[in-house]
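Shown next, in structure tokens, is the structure this report addresses.
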Amino acid sequence: MTRRISKYKRFVMMNPTIQFFKFIYLSIKVLVIVAGGHGGTRNA
Amino acid sequence: MAKIVILGAGIAGHVAASHLRRKLPKEHEVVVVSPNSNYQWIPSNIWVGIGRMKPKDILFPLAPLYAKKHIDFKQAKAVSFHPEGDQQEAKPYVVAEYVAGNEKGTTEKVTYDYLINATGPKLNFEATEGLSPGKNKAHSVCTYIHADEAWNALSDLIQQMKQGKKAKILIGTGHAKSTCQGAAFEYILNVEQELRRHKVRDMAKITWISNEYHLGDFGMDGMLLSYGSNIMKSSEMVGMVFEDRGISWILGAGVHKVEDGLAHYENLEGEQKQESFDFAMLIPSFSGHGFKAYDKMGNDITDRLFRGFMIVDADYTPKPYEEWSVQDWPETYQNPSYPNIFAPGIAFAPPHSISKPRKSKNGTDITPAPPRTGMPSGITAKLVADNIIEMIKHSDNELHHKGSMGNMGAACIASAGFGMTKGSGISITTFPIVPDFKKYPDTHGRKLGKTFGAIGLAGHWLKLALHYAFLYKAKMKPFWWLIPE
Ligand SMILES: Cc1cc2nc3c(=O)[nH]c(=O)nc-3n(C[C@H](O)[C@H](O)[C@H](O)COP(=O)(O)OP(=O)(O)OC[C@H]3O[C@@H](n4cnc5c(N)ncnc54)[C@H](O)[C@@H]3O)c2cc1C
């Protein structure tokens with residue numbers, strides 16, 4: 001195993017409080033991308 | 001009065017059936033023909049495969065829901081297509097064979113005005129010699145039954161490791177042209193985390209084997225992602241995670257034979273190699289179901305409906321990778337020969353792969369097939385339903401709802417380990433799914449910002465939230481339609 005993720009990064013990735021806000025952010029971001037719509041490409 | 005027949009009750013078929021039923025007056029008939037009695041939320045099979053969920057947590061029976069919602073359900077499998085009817089039957093129909101109940105084994109001509117083929121893929125284990133779920137120590141997580149079997153075998157191995165056995169675990173693709181690398185990627189990370197949880201991680205060598213040329217290709221030609229304030233290739237992100245988790249990898253591998261604890265593969269150098277294992281999970285190739293089609297006179301017209309999967313409004317002209325464009329990809333999923341037949345989800349024949357095609361020095365094609373994940377399957381099914389509704393309500397044969405994978409985003413929340421405090425997920429979104437190199441020439445065909453990656457506990461919560469939200473939606477509970485595909 002080679003440490004590729006620093007201790008600080010790992011702390012951020014696994015800290016429930018920080019991740020709670022990240023969860024809200026990700027949910028909104030995913031929703032925006034999905035609800036952002038779709039369409040054709042041929043007459044664009 | 002119109003009759004819409006939907007073949008398949010997976011993500012695409014069920015989305016189409018539920019929207020059609022909600023939006024069409026009751027005088028129109030919605031009929032679902034599917035061999036499985038249950039709806040399964042396939043993405044959570046990963047957690048069944050590590051024993052953290054039971055099959056009952058990810059499925060529910062379809063018959064009671066459909067009875068309540070006035071959707072006619074036939075537990076049967078489509079066998080042949082007759083889009084012009086025949087000498088006796090004027091209406092188009094499919095022949096369906098019942099697979100359960102008193103009618104088991106009997107066939108019925110199911111007539112239709114509109115047909116939605118949402119039969120997804122055939123899990124083509126036979127294409128790889130010796131690959132069969134639960135045989136030769138190789139497993140699958142493609143269905144909840146397979147995933148449950150995989151967990152039984154893995155938990156046995158964990159017990160042996162606790163007694164001191166050193167084990168080799170191999171996870172990835174089981175064919176030179178497999179797709180669904182994302183599911184295998186999730187599974188390898190979940191297995192790795194479970195071994196740590198059971199305190200046997202140091203007893204196992206875990207290896208990723210894949211037909212991808214680069215890590216993180218995922219059958220989508222890889223991605224350039226925004227990652228925090230950086231820009232990163234998906235290959236770098238996956239490489240970082242694998243190294244951090246002590247997972248080694250074999251790339252460009254076309255597995256063609258599996259023997260007891262041994263996978264034989266050819267690599268792009270044309271070398272024949274083997275990799276041994278005590279437990280493997282290898283995704284088979286996906287193929288069409290081998291349906292036959294006949295015209296009114298009984299002549300075989302299979303090639304007007306199928307090229308493996310169903311022919312739709314794609315540009316199937318063979319051309320080199322350099323000439324591929326997003327315009328090759330379908331927009332309406334309508335069959336050009338029979339405009340009342342549609343194929344959303346995995347059931348449609350893609351024009352070509354998304355990843356750059358590569359051949360081994362022996363000429364073997366080792367290229368991931370293009371994935372059609374849950375989100376595009378749901379979106380394409382909904383737009384097909386909306387077009388049919390307009391055709392019925394306004395007798396309008398122009399299709400207004402369009403959704404090319406070259407103009408559609410997708411989110412892939414890959415579980416990287418289960419647990420409310422110890423879990424992890426790799427959240428990746430892409431826009432568009434099929435890269436548009438003309439529109440986004442400097443960012444590998446995709447829009448940065450809408451194509452991003454994030455790693456952490458929040459990803460696990462999101463994946464779990466999606467599990468509950470999509471099962472809620474599939475059960476058609478109050479306001480289910482507010483949850484997007
Ligand atoms: C292990 C795993 C994990 C995954 N994880 C994710 C994920 O995290 N996110 C994501 O977006 N996607 C994920 N996917 C992909 C996702 O599951 C598929 O994109 C999706 O299921 C495709 O939907 P579909 O309706 O086209 O096909 P399916 O869901 O396969 O449905 C096909 C339906 O057709 C029925 N059928 C088969 N043969 C016949 C016949 N002859 N007649 C009538 N009916 C028939 C089947 O019983 C089934 O009901 C995952 C896939 C796997 C295997």
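Chain naming here is simple, since letters A, B, ... match the order of the sequence lines and numbering starts at 1 in each.
- Heavy-atom distances place the backbone of B:Thr421, and not its side chain, under 4.5 Å from chain A.
- Both the backbone and the side chain of A:Phe20 come within contact range of chain B, with heavy atoms under 4.5 Å apart.
- Considering only heavy atoms from C-beta on, B:Gln327 comes within 4.5 Å of A:Thr41 through its side chain.
- The side chain to side chain donor-acceptor pair (under 3.5 Å) pairs that include a residue from residues 446-465 of chain B are B:Glu186-B:Lys463, where partners are two or more places apart or lie in different chains.
- Interface remark: A:Leu31 contributes side-chain atoms only to the contact with chain B (heavy atom separation under 4.5 Å).
- For the side chain to side chain contact (heavy atoms under 4.5 Å, CB included) test, residues two or more places apart in sequence or in another chain that qualify with B:Leu399 are B:Thr332, B:Gln334, B:Phe342, B:Asn387, B:Met391.
- Within residues 223-235 of chain B, the residues having any heavy atom closer than 4.5 Å to a heavy atom of chain A are B:Tyr227, listed by residue number.
- Contact of B:Asp328 with chain A is made through the backbone alone, with heavy-atom distances under 4.5 Å.
- Listed by first and then second residue, the side chain to side chain donor-acceptor pair (under 3.5 Å) pairs that reach into residues 237-246 of chain B are A:Arg4-B:Glu243, A:Arg10-B:Asp244, B:Glu192-B:Arg245, sequence neighbours excluded.
- The shortest side-chain heavy-atom distance between B:Ile379 and A:His38 falls under the 4.5 Å cut-off.
- No donor-acceptor pair under 3.5 Å is formed between the side chain of A:Lys22 and the backbone N or O of B:Ile455.
- Within the 4.5 angstrom heavy-atom criterion, only side-chain atoms of B:Phe452, from C-beta onward, approach chain A.
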